[in-house]
Amino acid sequence: MKIKICGLFDPANIAAVVTEQPDLVGFIFYPKSKRYVGTNFDPKGIANLPKSTQKVGVFVNEDRDHIISIQTQFAFDYIQLHGEETPEDCAFLKAKGMRIIKAFGVDDGFDFSQLSDYLPYCDYFLFDTATPNYGGSGQSFPWEILNDYPFDTPLILSGGLGVVEVKTFLNSPIPKVEILDCNSKLEKENHHKNLDLVAEVLALTRKTNSGIQPDAAGYYGEFGGAFVPEMLYPNVKELQDQYLFHLHDPEFQREFQDLLKSYVGRPTPLFFSKNLSAHFGGKIYLKREDLNHTGAHKINNAIGQVLLAKRLQKKRIIAETGAGQHGVATATACALLGMECTIYMGEIDIQRQQPNVERMRLMGAKIVPATSGSRTLKDATNEAIRAWINNPVDTYYVIGSAVGPHPYPDMVARFQSVISEEIQVQLKQETGQAAPDYLIACLGGGSNAIGAFYHFIGNPKTQLIAVEAGGLGVDSGKTAATIALGKKGIIHGSKTFLIQTDDGQIVEPHSISAGLDYPGIGPVHAHLSATGLAKVVSVTDEEAVAAALQLARLDGILPALESAHALAYLPKMQLQPDEIVVVNLSGRGDKDLATLIPFLAHEK
Amino acid sequence: MKNRLQTLMEKGSKPLLSIYYTAGFPTLDATIPLAEFLEQQGVDSLEIGFPFSDPLADGPLIQASSSQAIENGMTLSVLFEQLKNLRDRVTIPVVLMGYLNPVLQMGEIAFLEACAQVGVDGVLLPDLPLDYFEKNLKIHYERLGIAPIFLITPETAEARIREIDRLSEGFMYQVASNSITGSEASLTAQTAYFERIAAMQLRNPCLIGFGIHNRETFELATTYSRGAIVGSAFIKQLQAQEGDWEKLVPFLNQFRNKELIL
């Protein structure tokens, strides 16, 4: 969820509010408003505000040419039309290259069909309390009517939103609402925004239902940051400065969402498993990420990052891969979007995941073996980073997990958050409630887990459970259970938990699933675990294999061994009949046949 | 008070030769004898690397030396034990180099205090962020008289170079090209970059490193800087000579011949 702070006009107040990093700020160019910016408002002051906060110019029944002249000076990210502007007005301004927010006053009998003529020209619709003075009432309207909104254009909710109202909204959010627009309720005097109230509202959206976001330096609590050598600093800084700008751009979102739908095959089904439910009690749903194109959730992020790389005008893509799922997803996205692609993969993983190696080659990617260290995922990541150091200007590094220096963990989380967004909607349709009692995901670096958790983080209704790879057992010395064993340190550019010696050397992990075979963990998961927002458990190789075979037999679904770790926690739960469980089935198991087949022989 | 490193930088104008090697390589106990030997050969200062399992900015040669050193049993506590007598035996400046994670496990302040105690003059941690340094560690470097050393690269923006210059003491480590360590390319394409940095009139002198592997690259680099650092190329020689360090003399002399030419 994003916050727009509207009605700013005083330069000192603007500067102070922006340091709190709201997602958007609005400036009112309506002379009758109490918060009118006036005739001497300075475009330079606006131009110097950070790019990560988007700027909105607000107009009421204004002359088109005047809007064009203001926009020429101020270059706002959005133009908000808050009067009785027609679809033709919107079309005209849209044709001039502006992005349009069209506002509507809502009362009890609001007829959504009147929006249809506006659909082609508007990037957002804003709903405000209907008043004769075009908003500004400080009153809320009954938001529930927005549950009936029938279109895909995202919404901004406005009208009397302060700390209390934002809190109330976040407790039961409305699917299409992406931005909450706050104005008078964040003021104490002179129509100036009160910084404490601004900070309080922003903290609410950063912590609760809308997922979790790091601070400006990329920290989730004490974890995260960007610990990179100077050779990588300019690349990482460029990404830090630019990623939100592009991710917030409706054009980018449209392209991304279109590909997720028509190419990846989203939304993926939420499958009610009668058989698992009968076996374990409760109502068990499987989020079928295995049905994505390329067979796992990794493609969500790969498409997003390769699109971003194109916008940053990079020429080459590099990526690391363990089991090959992220490598295949990246090679796929590169083939689709016409980018040169090189995948770094540990020499040992190349041997044990041969089919995925060939899939990547078939899609035109070049595979470079990582021959250093243990020659697995950690070393492939090292080699990819070294390749980035050697080619800093034209190369974009697509990280596949929620790890790495800021902004990678946040970026990966945002691209994967489509999983929890869909779960909310689908579960509500199925059961009438949007939040499950338990949400279970496997945890390696943490991309599928953060994607499945994202919109449920901080929701007291849902217990989030992350399942680590216990390998041969947490105490066996052959494990990848990072939270169980790890100590705080730095790996691949971020501060997190990692498995290491007392002297700070990173220890080789072990897991039967190559995708969980990583000695660190995404910093967001270190934070969720340290703060108790998620519960972290582990299961062994053996338990994971048993769970994979069980799902194959019970439901005819062969899960990836990574995802089988999440399923393997079900037997350890004591479920009540009406408790709802969602298991994120992050990928399919075809790639694991060679590992699984020997277990069939054991059964005889 | 000036430490050995700052004094060296201000002394004369002869191009400085600095040698990098990995502590505990090729054998665990080589650290101090190698330092003594290099001082005898006229090397001006030393960068001693403490090994890390995942050295992101290092090429294959230094990676391999780090793995070997770890296998030999090198840890920070072993290293500080070895360095206890450093100043009885070695007078040239010593900079410790390595990645942040081992330092975090020892404790950053304990690490810096140990450095001061054994007579280490500067510390370079490539993955230590500038703002983190300034907020948490600067005061301790100052208190203990240890020079904080940072990297600059061809892609570092001018404003950031100035910021790094402000926070550095002793020298700045100027990375010669967009590369991990151990490149064997010619550096002639880098002269515009070398000139640009030289023209900035920075507060600190620069030593150029990464890819300095022979007399030609050393001379080119030192035309534009106070000195140069030889790392991977030295490690390669060290490995090849299998303990007979006298055989390293011709390799080291090629850098010193510049004096004769001048």
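Just so it is clear: chains get the letters A, B, ... in the order the sequence lines come, proteins before strands, and each one is counted from 1. Quick caveat: nothing in here was measured; it's all calculated off a predicted structure.
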Enumerate donor-acceptor pairs with a distance under 3.5 Å from any side-chain N or O in residues 55-63 of chain B to protein atoms, sequence neighbours excluded.
from, atom 1, to, atom 2, distance (Å)
B:D58, OD1, B:T181, OG1, 3.3
B:D58, OD2, B:Y99, OH, 2.9
B:Q63, OE1, A:R386, NH1, 3.3
B:Q63, NE2, B:D58, O, 2.8

Proximal component of [X], with respect to chain B [non-hydrogen, under 4.5 Å]:
{"X": "A:N235", "answer": "neither"}
{"X": "A:I506", "answer": "both"}
{"X": "A:V507", "answer": "neither"}

State the [atom1]-[atom2] distance between [X] and [Y], to the nearest 0.5 angstrom.
{"X": "B:D54", "Y": "A:N382", "atom1": "CG", "atom2": "CG", "result": "4.5 Å"}
{"X": "A:T501", "Y": "B:I70", "atom1": "OG1", "atom2": "CD1", "result": "8.0 Å"}
{"X": "A:I389", "Y": "B:S177", "atom1": "CD1", "atom2": "OG", "result": "11.5 Å"}

Neighbours of chain B found in residues 485-496 of chain A - heavy atoms under 4.5 Å |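 Residues of residues 485-496 of chain A touching chain B at under 4.5 Å: A:K488, A:G489, A:I490, A:H492.
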Looking only at heavy atoms, which of residues 222-232 of chain A get nearer than 4.5 Å to chain B?
->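 Listed by number: A:A226, A:F227, A:V228, A:P229, A:E230, A:M231.
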Greater than 12 external heavy atoms within 6.0 Å of [X]'s [atom1]:
{"X": "A:D241", "atom1": "CG", "answer": "yes"}
{"X": "A:L312", "atom1": "CG", "answer": "yes"}
{"X": "B:E195", "atom1": "CD", "answer": "yes"}

Proximal component of [X], with respect to chain A [non-hydrogen, under 4.5 Å]:
{"X": "B:F210", "value": "side chain"}
{"X": "B:S67", "value": "neither"}
{"X": "B:L100", "value": "side chain"}
{"X": "B:L76", "value": "both"}
{"X": "B:I152", "value": "backbone"}

Kindly write out the residues that satisfy ring-ring contact (aromatic ring centres under 6.0 Å, His included) with B:F80, not counting sequence neighbours, or none if the list is empty.
->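 Here the qualifying residues are B:F111.
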Sub-3.5 Å donor-acceptor pair from the side chain of A:Q505 to the main-chain atoms of B:P51, do we have one?
->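 Looks like yes, one N/O pair under 3.5 Å.
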For chain A, which of B:R160, B:M106, B:Q105, B:E155 has the most heavy-atom pairs under 4.5 Å?
->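 Highest number of pairs under 4.5 Å: B:R160.
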Report the option among B:V78, B:D131, B:T75 that has the most heavy-atom pairs separated by less than 4.5 Å from atoms of chain A.
->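 Heavy-atom pair counts peak at B:T75.
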